[in-house]
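The structure under discussion appears below in the form of structure tokens.
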Amino acid sequence: MDGSRIEQAIQRIEAAASRITTAAGKLGATPSDDSALVAHHQALKSEVADTLKDLDQLIGRLEA
């Protein structure tokens with residue numbers, strides 16, 4: 001490889017590394033979307049737990 005081909009290859013590698021760094025930065029910004037999903041999941045779990053508790057009490061009254 002002559003000098004200019006090596007320089008071009010290095011430039012392409014540096015450009016690819018820059019694109020990777022940019023993409024990695026965007027991935028790091030997405031957990032905020034996940035936090036909304038986690039909050040929604042927790043709310044649903046709480047609602048289901050409350051409903052199961054109510055059902056358990058209702059069954060207990062019916063058995064008595």
Side-chain angles (χ1 to χ4, degrees):
M1 257 186 172
D2 64 1
S4 66
R5 291 182 69 194
I6 293 172
E7 183 62 33
Q8 288 174 351
I10 291 171
Q11 289 173 357
R12 287 193 305 271
I13 291 168
E14 288 173 347
S18 177
R19 289 191 302 272
I20 291 169
T21 301
T22 301
K26 289 179 183 177
L27 288 175
T30 57
S32 62
D33 297 335
D34 290 344
S35 64
L37 182 60
V38 168
H40 186 64
H41 181 256
Q42 285 300 109
L44 288 174
K45 280 177 58 176
S46 178
E47 186 176 341
V48 168
D50 290 343
T51 301
L52 288 174
K53 182 180 175 184
D54 292 344
L55 284 171
D56 187 46
Q57 290 173 354
L58 179 61
I59 292 168
R61 280 188 243 138
L62 291 173
E63 290 178 342

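Sequential numbering from 1 along the given sequence is applied to the chain's residues.
- With values rounded to the nearest 0.5 angstrom, Glu63 atom CD is found 10.0 Å from Leu58 atom CG.
- With hydrogens and angles ignored, the 3.5 Å screen pairs no side-chain donor or acceptor of Ser18 with any backbone N or O of Glu14.
- Qualifying side chain to side chain contact (heavy atoms under 4.5 Å, CB included) partners for Lys45, counting only residues two or more places apart in sequence or in other chains: His41, Gln42.
- Residues forming a side chain to side chain contact (heavy atoms under 4.5 Å, CB included) with Gln57 (at least two apart in sequence, or on another chain): Lys53, Asp54, Arg61.
- Here Ile13 sits alone; no ILVMFWY side chain lies under 4.5 Å from its own, so it joins no hydrophobic cluster.
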